[in-house]
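In each ligand, atom 1 is the first atom listed, and ligand 1 is the first ligand listed.
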Amino acid sequence: MRSVCIALLLASAPGCGRKDNAGDVRPELTANQEHFSSRGKLVGIKDKMVDIHHEAMPSVRGFDGTLGPMMSMRMSFAAPPAGVGAVAIGDVVAFEFTVHYDAEPTLRLTRIDKLPADTRLVLE
Ligand SMILES: [Cu+2]
């Protein structure tokens, strides 16, 4: 899923929840990384990668510099350097991440916190 999502970010194709003509347009990226946040359900941890089924995000910048929505999906992130802490598979989480436009791994968690188990998420 991650590779598909990244490919779509790279190609700026409709998909990965992005819609044509949505958001502003920035012809060239002026920063090599940007910070975003969302909520979701932790669905996997393996090899320092964390899979999260995240809610829709209203505004994420793709590699073409445009901001657009990303639909709810399962996506893989590199774990924070300090690890994921007390969260476990099945937990509802709030998380923050950076998108790195010029370095791998592209998606890196910077923070992940457990939310109350009865937190209502909107997942598709
Ligand atoms: Cu996504």
Side-chain angles (χ1 to χ4, degrees):
M1 290 298 279
R2 177 177 177 274
S3 58
V4 171
C5 191
I6 296 304
L8 289 169
L9 280 170
L10 281 166
S12 185
C16 208
R18 299 180 58 78
K19 295 174 183 167
D20 290 331
N21 304 319
D24 68 342
V25 175
R26 192 166 64 170
E28 294 181 24
L29 288 166
T30 57
N32 61 8
Q33 69 179 68
E34 199 158 4
H35 192 254
F36 302 97
S37 62
S38 185
R39 307 188 309 174
K41 185 167 196 167
L42 206 169
V43 292
I45 303 174
K46 186 182 178 187
D47 299 331
K48 295 185 178 178
M49 295 301 293
V50 179
D51 290 353
I52 298 173
H53 187 176
H54 68 73
E55 293 188 301
M57 301 186 204
S59 185
V60 176
R61 191 177 307 282
F63 282 80
D64 63 350
T66 63
L67 281 169
M70 182 184 285
M71 64 184 179
S72 171
M73 68 175 72
R74 184 172 167 151
M75 203 153 82
S76 294
F77 302 84
V84 296
V87 299
I89 291 172
D91 284 350
V92 178
V93 296
F95 63 99
E96 299 177 10
F97 65 101
T98 47
V99 178
H100 294 256
Y101 301 101
D102 62 354
E104 295 282 337
T106 303
L107 301 171
R108 305 180 196 180
L109 286 178
T110 56
R111 181 181 180 124
I112 182 165
D113 296 303
K114 186 174 179 174
L115 294 175
D118 61 354
T119 302
R120 285 177 183 258
L121 296 173
V122 180
L123 301 177
E124 293 162 24

What angle, to the nearest 10°, do the atoms SD (M75) and SD (M73) form about the Cu ion (ligand 1)?
100°
In terms of the angle between their ring planes, are F97 and F36 parallel, tilted or perpendicular, with boundaries placed at 30° and 60°?
tilted
For residues 49-60, pull every pair meeting salt bridge (charged side-chain N to carboxylate O under 4.0 Å, His left out), keeping only residues two or more places apart or in separate chains.
R39-E55, D51-R74
Tell me the angle that NE2 of H54 and SD of M70 form around the Cu ion (ligand 1), rounded to 10°.
100°
Taking both backbone and side chain into account, is any N, O or S atom of M71 nearer than 2.8 Å to the Cu ion (ligand 1)?
no
Can you tell me if, anywhere in S72, an N/O/S atom lies at a distance from the Cu ion (ligand 1) that is smaller than 2.8 Å?
no
What orientation do H54 and F95 show, parallel under 30°, tilted 30 to 60°, or perpendicular over 60°?
tilted
Result block: side-chain N/O donor-acceptor pairs under 3.5 angstrom for residues 115-124, not counting sequence neighbours:
from	atom 1	to	atom 2	distance (Å)
T119	OG1	P116	O	2.6

